[in-house]
Structures are given as structure tokens and as C-alpha cells.
Amino acid sequence: MSFISYRFRHLAAASLLALAVPALSPSVPSFVSPALAADTPARGGTMNIIVQPEPPMLQLGLNQQGPTQTVAGKIYQGLLTYDEKLDPLPSLAKSWTVSEDGLTYTFKLHENVKWHDGKPFTSKDVIFSTTKFLPEVHSRARANFARCESITAPDDNTVVFKLKEPFPAFIRAFEVASAPIIPAHLYEGTDYRNNPANATPIGTGPFKLKEWVKGSYIHLVRNEDYYKPGLPYLDNIYFRVIPDAASRALALESGQVDQSQYNDIEPFDVARLKEVKSLNFTTKGYEFIAPVSWLEINHRVKPLDDKRFRQAIMYAIDREFIRDKIWFGLGKVASGPFNSSTKHFDSSIVPYAKNVDKAKALLDEMGLKPDAKGVRATVKLMPMPYGETWQRLGEYLKQSLKQVGINVVLESTDVAGWVQRVSNWDYEITTNFTYQYGDPALGVSRTYVSDNIRKGVMFSNTMGYSNPKVDELFTAAAKENDAAKRQAMYSEVQKILVDDVPVVWLLEMQFPTFVSKKFNNVITTGVGVNESYDSVYLSKP
Amino acid sequence: MAGLVPFLAGRMVKAVVILFAIVVLNFLLVHAAPGDPAMVMAGEAGAADAKFVEQLREQFGLNKPLHEQLMTYVGTVAQGDLGFSYRQQRPVWDLIADRLPATLMLTLSAFVVALVGGILLGTLAAINSGKWSDSAITVVALLAYATPIYWVGLMLILLFSVSLGWLPAFGFETVGAGLTGLDRLGDILAHLVLPVFTLGLFYMAVYARMTRASILEVRDMDFVKTARAKGLRESRIVFGHILRNAILPVITVAGVQGGHLIGGSILVETVFAWPGIGRLAFDAVLQRDYQVLLGIFFFSSVMVIVFNILTDLIYTLVDPRIEVAK
């Protein structure tokens, strides 16, 4: 497919979305290509999507693993979803207003929405989810809704969130996995984690769970009572569990599955699959999570506590090589802590470039002289156990750090051991990445602020990095209602962090999504494959 | 066969003691691994706080002292209950029972194919020893024995599924086809061909090599010469005299493999997305899903013990000189 027609399809996708829902966001173009008018979406069809690993459960409030989100994002819905620029789009909320002082968020809900068991959906469910269910079981939602002074429902279709103090990131807290709306009539007053309803998730989304054959597939069927007339188009979605990466690539190639996402396809298979005529390739649709990968460094261990040592690592490695040879071109070299898709990214920051002499000079300055074998220091590196690519990265780092006299001892572990050791600070260097959820206050500051140094908690400030100025700027920026002032603070904090190198940033990660060309409107927003898929349709043969 | 009843009774008593030891050892081993299921789930969620992990530990019963957890576990197993997987929100027995048919179908078919094929090929190679057919069989068996099983699987998929399009590559059956009766059976059998051949090939090589070596040892013995001198047909000599004596070591190895049938095959199940117990066990290790892992260990321990007893009994059938010991 040529570049031009890809663009057209993409525009058509966006415009269909705009037609399907009352258009409220100005960022969705309302342009319809006459050439595409012939290809009107029709009802029907089955989509086969890889799901890997198999989710432990589909109750999205209780479990937010990647695969759970991809499947349950079609069953459950949040109040909002987000476009590629991370501006809000309607989902269960059809419109919303934010008061001038940034304290009151008012959502108008769609009317005539029904749960999959036929019961009506109302503001009562939103109140239950955001005041009771999610604060009890969902770590991120707990932090976000704790900022509310009150959450009230003046009527069945209106919900009002009153904040204690301004928190502009709040508008990005309503995506389906961040705040899925849970049916109050099934969960109110129960033991949420042991509720039998967890096995048969009931949502408001365009697809309902029909059958889950553990180890084989999850079958979703069209929700006939979906509140958007005529939608969804597809009759069935099957999520197929294919545990082996090579088998997954073959399944896509042979057309047995229509879509793969996230890490389903190993980077080394991507180039080959891009050539497959029946598949479209994109790295779009991950803007909301926007991960940045890094070398996580334990500042409690000498000489890792010295920022010159961390800068030396930054200068010793060639991140373009890492991107091109280890990730086979997937990703962008990260300039600093913010992903360029995340709000308030400062594009003026120049990324560190490989400079072996500078690295050596910094180490010399620290007094780390090479011994007889040329070794200045020995550090332990434990690559994260998330597949082959991270192991290759570990081997590369061992070699490239050797050039500046840093001897690396590789350690290996599995997921359970890794989480155990990293969260309890029992490591020297590891690799890691986190999702940024669109806003620095939601997904970036947690890694660097010192009040998030909490032993035993994964994805906190496990390095033990502490800089009072950084704490102050992140705290102030999160509450700042004025966009320009907020940007100034976030720019400043980015500059400080880039100089301090609390972690050695590697790449703004990109995930390959392959979708069969038979399907249209698949990746239309910044939430990508975790979207509801209510407007996905199958081209006529 | 007079000693059969005391033999079985004695083995049963031993089995109970062994099983108890297995349960306790397994329990201690899986808990010795770093990390726990709550940690794994916190790691998978991509975000966590202390409360999240605490709630999961409490739900999974991991906040109690280890010896208390062990007592509880031994108690439930003694009552014939394998426990509950909190991660999957289902009783362990249900999880195993769900996967059992697929696993048995795969491993039993592969077992039969391997045993029959291996003994036949081994015999053929032995009676033609030194000729080209012997060399061919030996070389192929060596290759099949030495090639990584997942690689064989992938190559078979590439050839028969992607290039030729003859056979389905993944899964247990065609999902969403709504087949019933004989059509469904045919569909499942088609899905079974590649994984069975892949798994069977390795063991077939093992049996073929053992059978050949064993026959070569037996065929020059005096009783074979006697049989020949009596003027018996060659086929009668091979199957009635040589093979019957040569097959004991093969039965020993087959007995060991038989005990592992229930454990499935992690590699083949992974490559072919076959929903069997091997994958369930492998996932349970990574996820520290203790109850599931212990359940599978227990269940396969029982099978190993049963197959060992069966193997001992089969010895006495094949070779009447062997008697079951008290």
C-alpha cells in the first residue's frame, strides 16, 4: 500500500469516528473522501487478534495487564478516550466542561446506555466506580480520585467531580484502563476481588464476553443493545492465545490471525512482516501509554550514586545503535524523562550522544583509574526478563561499557524474581520502562519524586533518587492551572533531570501493530488497540 | 502371579509415603523461588502501590507463616482437593481437568506413534545391519534425536501450513467454525497431526536406537541359533524370539516416558499453541501460581507411580522369568 492511500484510509478512519459519535473534539477532521464513499462500512465479519500472554482475568478494574486491557477495552468503557494528541474524546461521557478555576469537572453521560445484562447504566455506576470500587482496588485510580473533594450526581446523566486543588492532568484520568466504569448493581457491597461476577465481566462496551476457553481463545460477540445506533460492525472478535513468538509471526503471515500488538512480534521479525502484502504496519496508537525505556540505577550503591558516573554511562553507549540493531529500528532515542508524545515535552533538549572520551574524562575526574586489566569499576546488570531483546541489550551494554573501563556482570532472573529484587532495592543496574499515561503528573513524576521512594513497591522511585528542586517543580506544576507557567516548570525539571541522569534513558519505545488490510478503522486514537473497536469494519471481498 | 496382591499392597503403602514427601518437598521448593504471585501481578500491572500488593497477599493467603500455609495445603490435598488458583479464580482441579483431554490426546498419540514406529524401525535397522537401510534409519534417528524439538515444529509449520497449506498450524480446533460430530473430530485430528509428529519424532528416535542396539546384542545368542536350527520362519524368529527378549530395556524407558504423559510437553504445546498441561505448568512457574504448580506436580507424581507399577507388571508378562517382588 502506498503512503498516499495509507493517509487516506487514516483520514477516513478519523472521519468515520467523528460521524459515529457526536463530534465534540475539534482535533478530529470531518473530511470524507468521495473516493472512499463506495467502501461504506457494513455489518458483519470476524476478527482474530493475538492475545499474549493470556490475561489472568478480564475484570479491568481489578487487573490492568496489557493483554487484559486489549481484550477488556472492548467490554468495559471509561468516560473518555483520547486522540493521538491526547486530547479527550467522548466515550461514556458525551460532553464535559471544566470550570475556569480548574476545580470542577462536569460530565454529561450518554443516555439509554445498558449494561450487558440489560440493566440501565446511570451516574450511580460512575459514582460507585470512582468513589468506592476503583479507590479500593486500582492503584492509579486511587491516587487520581483521592484528589477529589466530592464526586456527586445531580441527575442520572450528570457527574460532577470537585477537586481539592487544581490538577490539570485530571482530564486524562478517564481512559478505559485508568478508570473503567464498573456496574454498581453487581459489585456494590460485595468483596470485590472474590465476587463471582469477575468470571463473567459485564460492561457497557460494544462487545460482550461469550466464551473463554482457557489456553486457547477468548470469544467476544457483538453487543446488540449498544447505545450507538448501527454499531459495532463486527459480529465476533476472537482473541487467540499463541504462546510462541515465531508461531505468532507465522500465524500473521498465513492470515490465521488479523492483528498483533505490543510485544507479540519480536523486533527481528518486524522487517520481514512489513513486506507481507496482506498486512498494514503502524506504530501509532501507543501515544497514551508512551513508554520510555531506561537503565534503572540504584543510587544506594557506589559509584552509581555519583552523577558523573551515570553521565559517563550515557556517553559510553550508542543509543542509535541500540535502536537500529537491537530494536531493528523501532523507537526514538529519548532525549530525557518525557516521551515526545507526552504533554509538556520540551523539544529543545538535546539528547546525549555517544562520546567515549567524555565518558573516560568523567570517570578520571571521579578518580576511577583503570587497573592493570583496564577495569575502573565493576557493576552488576540484571536485564528485565521480558524477552530476548532485553537480553541482547544487556550483552551490548556489557561490551560498550567495557570500552570505557566499566566491567559489567550480567545477572539473570524471571519476572517474579525481578520484581522482588527491584522493588526491594536489591539490584545495581536493571532495565525498565514505564507508561506515561499522557501527562507528566500521571506517569512521569512518580519515577523521580522522593516521596515515592517506597520499598516493596514496583514502578516507584526504586533508584532512591532525591532532588528537592525536582520534587518542588513536579508538585507545583501538577497544580498549576496556567498552561504557560506549567510548561515553564516542566521544562525546567526536564533540564535538571537530564543533567542529573537519575536513570539512563534509552528509547521512546515503539510497538509494532500489524493489522490485516481487510479491516478498516482499527487504529484511530491514542489508545490504539485497547479501544472499543466499535467502528472497525471488514472491507467487502 | 501369586504375589500380585501383596505386591500391590506394598507398593501402595510406599506410594503414600512418597507422595507425602513429594508434596512437602514441592511446597518448600516452589516457595523458595524469589518473588510471589502478588509481586508478579504488581509487576504486570505496570503501576502499583503498597496497598495493592498487600491486598493480593491477603487474598492469596500469603500473609500467613509458611508452616501454616504448608499445613493448610497438606490438609486440603489429603481431602482430595488440589486447592484454588487465585490468579485464575478457579479451582486447580478444574484447570487441570480442562487441559487434560488435550494433553492426553497429544501425548498418548505421540507415545503410540513413537513406540510402534521406533520398535519397527529399530528392528528393521537391526536385521539389515550394515546395509543402506540400516544406515539411513540410524542417521535419521540420530538427526531426529539431536534436533531441537521446537525447531522441528516450526519447520513443519512452515512447510505444511504456510507453504503447502495442507494442515492447520495452531490450536486444538478451528475456532468459531461451529463444527460438530465427525466434522469436529476430523478437524481436531488435522490439528493433531503436526504436534504429534513433532513430539513423536524425538521419542521414536530414542526407541529406534535402543531397539536396534538391543536386538544386535540378542540376535547372536544361543537360543536364536537353536531357533534357526529348528528351521523356524525368519519373521517368527525376529518377533517371537529376538524382539521379545530385546524389548525389555525399551519397556523400561517407555515406562518412564509414560509417567510423563500427563505433564504434557511444554515446548510442543508452546510452538503449536496447544492448550495442554505443559503450558499451564510453565505459566504457573513464571506467575508463581503456587497452587496450580503444586497441583500439577502432585497429579503427575501419581501418574509416575502408577506407570512404574504398570511397567513392573508388564515385565512379568513379556518375560515370565521375572517375578514381582514382595
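The sequence lines fix the lettering, A, B, ..., with proteins before strands; numbering per chain opens at 1. Note that the structure is predicted; figures quoted are calculated from it, not measured.
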If you count heavy-atom pairs within less than 4.5 Å of chain A, which of B/Gly165, B/Gly153, B/Gly35 leads?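 That would be B/Gly35.
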Decide yes or no for A/Asp244 and B/Leu154: does some side-chain heavy atom of the first lie under 4.5 Å from some side-chain heavy atom of the second?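 Result yes, sub-4.5 Å side-chain heavy-atom pair found.
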Student check: side-chain heavy atoms of B/Arg288 and A/Asp414 closer than 4.5 Å: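 A side-chain contact under 4.5 Å exists here.
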As an exercise, state the distance from [atom1] of [X] to [atom2] of [Y], rounded to the nearest 0.5 Å.
X: B/Met39; Y: A/Met458; atom1: CE; atom2: CE; answer: 9.0 Å
X: A/Leu250; Y: B/Phe170; atom1: CG; atom2: CZ; answer: 5.0 Å
X: A/Asn63; Y: B/Leu56; atom1: CG; atom2: CG; answer: 9.5 Å

Report the option among [options] that has the most heavy-atom pairs separated by less than 4.5 Å from atoms of chain B.
options: A/Arg248, A/Arg240, A/Glu253; answer: A/Arg240
options: A/Gln65, A/Arg421, A/Gln420; answer: A/Gln65
options: A/Arg142, A/His138, A/Met57; answer: A/Arg142

Per-residue contact mode, [X] against chain B (heavy atom under 4.5 angstrom):
X: A/Ala199; value: neither
X: A/Asp191; value: neither
X: A/Thr68; value: neither
X: A/Glu136; value: both
X: A/Tyr386; value: side chain

So which atom in [X] and which in [Y] form the shortest heavy-atom distance, rounded to 0.1 Å?
X: B/Val271; Y: A/Ser247; value: O-OG, 2.6 Å
X: A/Ala416; Y: B/Val40; value: CB-CG2, 3.3 Å
X: B/Val162; Y: A/Ser254; value: CG2-CB, 4.3 Å

State whether the number of non-hydrogen atoms from other residues, nucleotides or ligands found under 6.0 Å of [X] atom [atom1] is greater than 12.
X: B/Tyr150; atom1: OH; answer: no
X: A/Glu211; atom1: CD; answer: yes
X: B/Phe282; atom1: CZ; answer: no
X: B/Leu182; atom1: CG; answer: no
X: B/Met155; atom1: CE; answer: yes

Which residues pass the side-chain contact (heavy atoms from CB on, under 4.5 Å) test with A/Lys214, not counting sequence neighbours?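 For A/Lys214 the side-chain contact (heavy atoms from CB on, under 4.5 Å) partners, ignoring immediate neighbours, are A/Glu54, A/Trp212, B/Gln88, B/Arg90, B/Arg99.
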Under the rule for side-chain contact (heavy atoms from CB on, under 4.5 Å), what residues qualify as partners of A/Trp425, not counting sequence neighbours?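 With sequence neighbours excluded, A/Trp425 shows a side-chain contact (heavy atoms from CB on, under 4.5 Å) to A/Asn298, A/Arg300, A/Ile453, A/Lys455, A/Thr462, given in chain and number order.
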Side chain from CB out, backbone as N, CA, C, O: work out which of these in B/Arg87 comes under 4.5 Å of a heavy atom of chain A, or both, or neither.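 B/Arg87 touches chain A through backbone and side-chain heavy atoms alike.
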Check each atom of B/Ser161 against the heavy atoms of chain A and say whether the ones under 4.5 Å are side chain, backbone, both or neither.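 Contact with chain A: side chain only.
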Which residues in residues 184-194 of chain B have a heavy atom less than 4.5 Å from any heavy atom of chain A?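 No residue falls under the 4.5 Å cut-off.
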What parts of residues 27-34 of chain B touch chain A if we use heavy atoms and a cut-off under 4.5 Å?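 Interface residues of residues 27-34 of chain B: B/Pro34.
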Using modelled atom types and a 3.5 Å cut-off, is there a donor and acceptor pairing between side-chain atoms of B/Arg279 and backbone atoms of A/Gly215?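 It does hold such a pair.
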